[in-house]
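When a ligand or atom number is given, it counts from 1 through the structure's own listing order. We use all heavy atoms of the structure for the numbers below, so side chains are in, but hydrogens, waters and symmetry mates are not.
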Amino acid sequence: MNPNESLPRETVSQTQVVRRTAVAFLIFILLVVGVWKTFSWIKNGPKESGAAKPLRAALNANEKIFSKLFDTARLVKEYPVSAAVKKVRVNGMEGLRDTVGIANWHLNVVRGNGDTIRVTLDDIKALPKRDIVFDFKCIEGWSQVTHWAGVPLKTFLDHYGLQGEEHFQYMGLQTPDKKYYVGIDMPSALHPQTLLCYEMNDAPLPLNQGFPLRLIIPVKYGIKHLKRIGTMFFSNDKPADYWAERGYDYYAGH
Ligand SMILES: Nc1nc2c(c(=O)[nH]1)N[C@H]1C(S)=C(S)[C@@H](COP(=O)(O)O)O[C@H]1N2
Ligand SMILES: [Mo]
């Protein structure tokens with residue numbers, strides 16, 4: 001007797017084989033189309049400030065978490081002056097090309113009520129000075145230990161009676177020609193290591209590094225360290241931000 005005959009066996013007809021193969025193939029095609037559709041939906045779908053909507057939503061969610069975790073008392077690591085590089089990299093020239101009128105430079109601070117305060121470089125240099133050597137990080141993937149000096153931004157705001165303005169959610173900064181601009185959440189602006197900086201390696205800032213005044217904000221990536229500040233303002237809405245408009249993270253903390 002053939003031993004196989006006692007086992008229950010399924011007899012599959014030729015048509016069933018064809019049908020099952022067809023069904024399996026159809027499922028495979030649907031999966032491929034599904035994955036492809038999802039990707040193209042993210043890629044071509046509605047955009048929100050330079051990034052696909054779902055990606056921007058993820059960045060905004062991260063921003064909520066990280067700004068909650070942000071601790072003003074936590075300092076970025078500082079280095080001895082000897083660790084600072086002498087040849088500092090120059091990155092990003094937006095808003096720096098036009099140097100006409102640089103001799104008449106002054107900082108415009110727009111108060112919450114719309115009044116503008118005019119501040120000169122000498123006014124800023126008269127305030128208490130602090131220097132910092134830290135690892136400057138660019139979002140593109142490079143970093144270097146560099147040495148900067150200026151007045152802590154919080155000291156500056158307090159000196160000019162801008163305590164009311166410190167309660168706004170954001171500070172906006174723009175180059176004099178308004179071609180580069182950033183928005184900074186206020187807790188990061190008031191962080192003790194954030195400087196209105198006018199010196200690099202114990203000398204005035206070079207033109208391409210933001211002469212006469214730039215932001216140094218060690219808790220953020222390089223994109224937020226605006227070179228050559230022309231205007232400072234305060235807002236509860238997110239100020240326009242050059243790189244956030246081009247798809248980068250608005251918060252840009254690390
Ligand atoms: N005005 C202005 N500021 C700017 C930029 C720019 O293009 N224009 N680029 C930013 C970027 S992306 C970086 S990494 C730093 C680089 O500063 P550095 O040139 O002094 O190294 O400046 C930031 N500040
Ligand atoms: Mo950068």
Novice: Roughly how far apart are D71 CG and H191 NE2, rounded to 0.5 Å?
Specialist: 8.0 Å
Novice: What is the nearest protein non-hydrogen atom to atom 21 (O) of ligand 1, stated with its residue, atom name and distance?
Specialist: R89 O, 2.6 Å
Novice: Which one of I132, L215, I184 satisfies the side-chain contact (heavy atoms from CB on, under 4.5 Å) criterion with T194?
Specialist: L215
Novice: Does an N or O from W142, backbone or side chain, lie closer than 3.5 Å to an N or O of ligand 1?
Specialist: no
Novice: Under 4.0 Å from ligand 1, counting heavy atoms only, is it the side chain of N91, its backbone, both or neither?
Specialist: both
Novice: If you count the atoms of ligand 1 from 1 in the order shown, which ones are under 4.0 Å from a heavy atom of H225?
Specialist: 22 (O), 23 (C), 24 (N)
Novice: Could you tell me whether R214 approaches ligand 1 through its side chain, its backbone, both or neither, with non-hydrogen atoms closer than 4.0 Å?
Specialist: side chain
Novice: For the CG atom of N60 and the OH atom of Y250, what is their distance to the nearest 0.5 Å?
Specialist: 10.5 Å
Novice: Could you state the interatomic distance from CZ (F211) to CH2 (W105), rounded to the nearest 0.5 Å?
Specialist: 9.0 Å
Novice: Please step through salt bridge (Lys or Arg N to Asp or Glu O under 4.0 Å) for the pair K224 and D241, ending with a clear verdict.
Specialist: CA-CA 9 Å; K224 296 287 186 182; D241 187 279; 2.7 Å; yes
Novice: Pull out every atom of ligand 1 sitting under 4.0 Å from any heavy atom of T175, numbered as shown with elements.
Specialist: 1 (N)
Novice: Please list the nearest protein heavy atom to atom 5 (C) of ligand 1 with its residue and the distance rounded to 0.1 Å.
Specialist: Y180 CZ, 3.6 Å
Novice: Just jot down the ligand 1 atoms closer than 4.0 angstrom to any heavy atom of G92, in number order.
Specialist: 5 (C), 6 (C), 7 (O), 8 (N), 9 (N)
Novice: Cationic tip of R246 within the cone over Y248's six-membered ring, i.e. under 6.0 Å and within 45° of the normal?
Specialist: no
Novice: Under 4.0 Å, heavy atoms only, figure out whether ligand 1 is touched by the backbone of E94, its side chain, both or neither.
Specialist: both
Novice: May I ask whether Q209 places a heavy atom under 4.0 Å from ligand 1?
Specialist: yes
Novice: Does F136 approach ligand 1 within less than 4.0 angstrom via side chain, backbone, both or neither, non-hydrogen atoms only?
Specialist: side chain
Novice: Looking only at distance, does K227 have an N or O less than 3.5 Å from an N or O of ligand 1?
Specialist: yes
Novice: Rounded to the nearest 0.5 Å, what's the gap from CZ on F134 to OH on Y79? Could you check?
Specialist: 10.5 Å
Novice: Measure the CG-CZ distance between D249 and R56 for me, rounded to the nearest 0.5 Å.
Specialist: 7.0 Å
